[in-house]
Amino acid sequence: MSTTRPYPPGDRDPEPEAAAEVPQGRQVRRLSFDGESAVVPLARDFTRQALYAWGWLPAAGADQRAAAEDVLLVVSELVTNACLHAEGPDQLRISCDRKVIRLEVSDRGAGQPAPRSPHRAGRPGGHGMFIVQRLCLDWGVVRNPGETGKTVWAELGAPA
C-alpha cells in the first residue's frame with residue numbers, strides 16, 4: 001500500500017514511550033485543514049497524537065487497540081467523504097471524556113451523507129458511511145441555518 005504524505009507518520013510530534021495519564025473531564029482538539037494537502041493522513045496522524053495524549057494508546061490489549069483503530073478508521077472515512085462529496089473538509093474537532101470520543105468534520109458541502117442502500121459489500125466504493133454507522137454509537141449531521149456547509153459527527157465508546 002502506498003500513500004502520499006507531506007511527512008512520515010508520527011513525525012509531527014514524537015509518540016510517547018508509555019501511556020499518558022488519562023485526563024479528567026472533556027478534552028478537545030481542533031485541526032484546521034486550511035491550505036493543507038494530504039488531509040486524510042494528516043487527520044489520522046493528528047487523531048493518533050490525541051489518542052496518545054488521552055491514554056487510548058499505546059493499547060494495553062486487543063480490545064483497546066481495536067477501539068483506537070476504529071477511531072482512526074472513522075476519521076479517515078469522514079474526512080474522505082468531505083473530500084469526495086463536499087469541496088473538502090474545513091476542520092476536524094475531536095473531543096473525549098472518559099466514556100465517549102466525538103469526531104466532527106465540518107465542510108462547505110450541501111449534500112446529506114447517508115449509508116448507501118442497499119449496501120453491496122462486494123463492490124468497490126460507497127462503504128464510508130456504512131462503516132461509520134456500524135462502528136459508532138451514533139452519528140449525524142448538524143447544519144447551521146443561514147450558513148453554507150455542515151458538520152458530520154460520530155461518537156465511539158472509549159475502550160474498557
Side-chain angles (χ1 to χ4, degrees), residues 3-7 9-10 12-13 20 22-57 64-121 124-159:
T3 186
T4 303
R5 295 177 188 256
Y7 48 83
R12 292 184 66 82
D13 291 307
V22 179
Q24 301 298 315
R26 181 151 295 274
Q27 303 292 314
V28 179
R29 292 193 177 198
R30 288 178 179 83
L31 172 65
S32 172
F33 293 108
D34 189 34
E36 296 287 348
S37 60
V39 295
V40 175
L42 178 64
R44 285 180 62 89
D45 289 344
F46 177 80
T47 303
R48 186 177 293 107
Q49 292 303 316
L51 293 176
Y52 271 98
W54 296 336
W56 287 51
L57 290 173
Q64 291 177 334
R65 168 134 329 264
E69 291 297 327
D70 287 351
V71 169
L72 295 172
L73 178 56
V74 170
V75 163
S76 296
E77 294 299 336
L78 295 179
V79 173
T80 297
N81 278 354
C83 291
L84 293 175
H85 307 293
E87 303 176 34
D90 290 330
Q91 183 183 72
L92 168 63
R93 181 180 183 272
I94 308 169
S95 59
C96 180
D97 61 23
R98 296 179 64 92
K99 296 182 181 181
V100 174
I101 190 164
R102 182 178 174 106
L103 310 168
E104 300 176 13
V105 176
S106 59
D107 62 53
R108 291 181 240 57
Q112 181 72 18
R116 194 172 281 176
S117 183
H119 180 249
R120 292 189 168 95
H127 306 292
M129 293 313 295
F130 179 77
I131 290 169
V132 170
Q133 181 180 19
R134 296 289 296 225
L135 293 179
C136 295
L137 299 170
D138 199 8
W139 72 276
V141 178
V142 175
R143 294 188 186 277
N144 294 323
E147 293 182 23
T148 304
K150 64 188 170 298
T151 299
V152 181
W153 60 269
E155 293 180 339
L156 295 95

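These numbers come from the heavy atoms of this one structure, side chains and all, not from hydrogens, waters or symmetry mates.
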Please output the side-chain donor-acceptor pairs of residues 100-111 that fall under 3.5 Å, not counting sequence neighbours, one pair per line with the distance.
unit_1: Arg102; atom_1: NE; unit_2: Glu104; atom_2: OE2; d: 2.7
unit_1: Arg102; atom_1: NH1; unit_2: Glu155; atom_2: OE2; d: 2.8
unit_1: Glu104; atom_1: OE2; unit_2: Arg93; atom_2: NH1; d: 3.2
unit_1: Ser106; atom_1: OG; unit_2: Gln91; atom_2: N; d: 3.4
unit_1: Asp107; atom_1: OD1; unit_2: Gly109; atom_2: N; d: 2.9
unit_1: Asp107; atom_1: OD1; unit_2: Lys150; atom_2: NZ; d: 2.9
unit_1: Asp107; atom_1: OD2; unit_2: Lys150; atom_2: NZ; d: 3.4
unit_1: Arg108; atom_1: NH1; unit_2: Asp90; atom_2: OD1; d: 3.2
unit_1: Arg108; atom_1: NH2; unit_2: Asp90; atom_2: OD1; d: 3.1

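Judged as a side-chain contact (heavy atoms from CB on, under 4.5 Å), and not counting sequence neighbours, the contacts of Gln112 are Val141, Arg143. Applying the side-chain contact (heavy atoms from CB on, under 4.5 Å) test to Thr80 and every residue at least two apart in sequence or in another chain returns Val40, Leu84. Residues forming a salt bridge (Lys or Arg N to Asp or Glu O under 4.0 Å) with Arg30 (at least two apart in sequence, or on another chain): none. Applying the side chain to side chain donor-acceptor pair (under 3.5 Å) rule to Thr151 yields no partners; only residues at least two apart in sequence or on another chain are considered.
The distance from the SG atom of Cys83 to the CG atom of Leu78 is 11.0 Å, given to the nearest 0.5 Å. Rounding to the nearest 0.5 Å gives a distance of 7.0 Å between CZ of Arg26 and SG of Cys96. Distance check, rounded to the nearest 0.5 Å: OG1 of Thr47 to CH2 of Trp56 gives 11.0 Å. Between the CE atom of Met129 and the NE2 atom of His85 there is a distance of 10.0 Å, given to the nearest 0.5 Å.
Legend: salt bridge (Lys or Arg N to Asp or Glu O under 4.0 Å) pairs involving residues 67-78, not counting sequence neighbours, sorted by first then second residue: Arg65-Glu69.
Using a 4.5 Å cut-off on side-chain heavy atoms (C-beta onward), Asp138 and Trp153 make contact.
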Chi angles and distances behind the side-chain contact (heavy atoms from CB on, under 4.5 Å) call for Leu92, Leu42: CA-CA 10 Å; Leu92 168 63; Leu42 178 64; over 6 Å; no
side-chain contact (heavy atoms from CB on, under 4.5 Å) between Ile94 and Val28, intermediate numbers included: CA-CA 6 Å; Ile94 308 169; Val28 179; over 6 Å; no
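What you find for Leu137 and Gly157 is that their closest heavy atoms are CD1-N, 3.5 Å.
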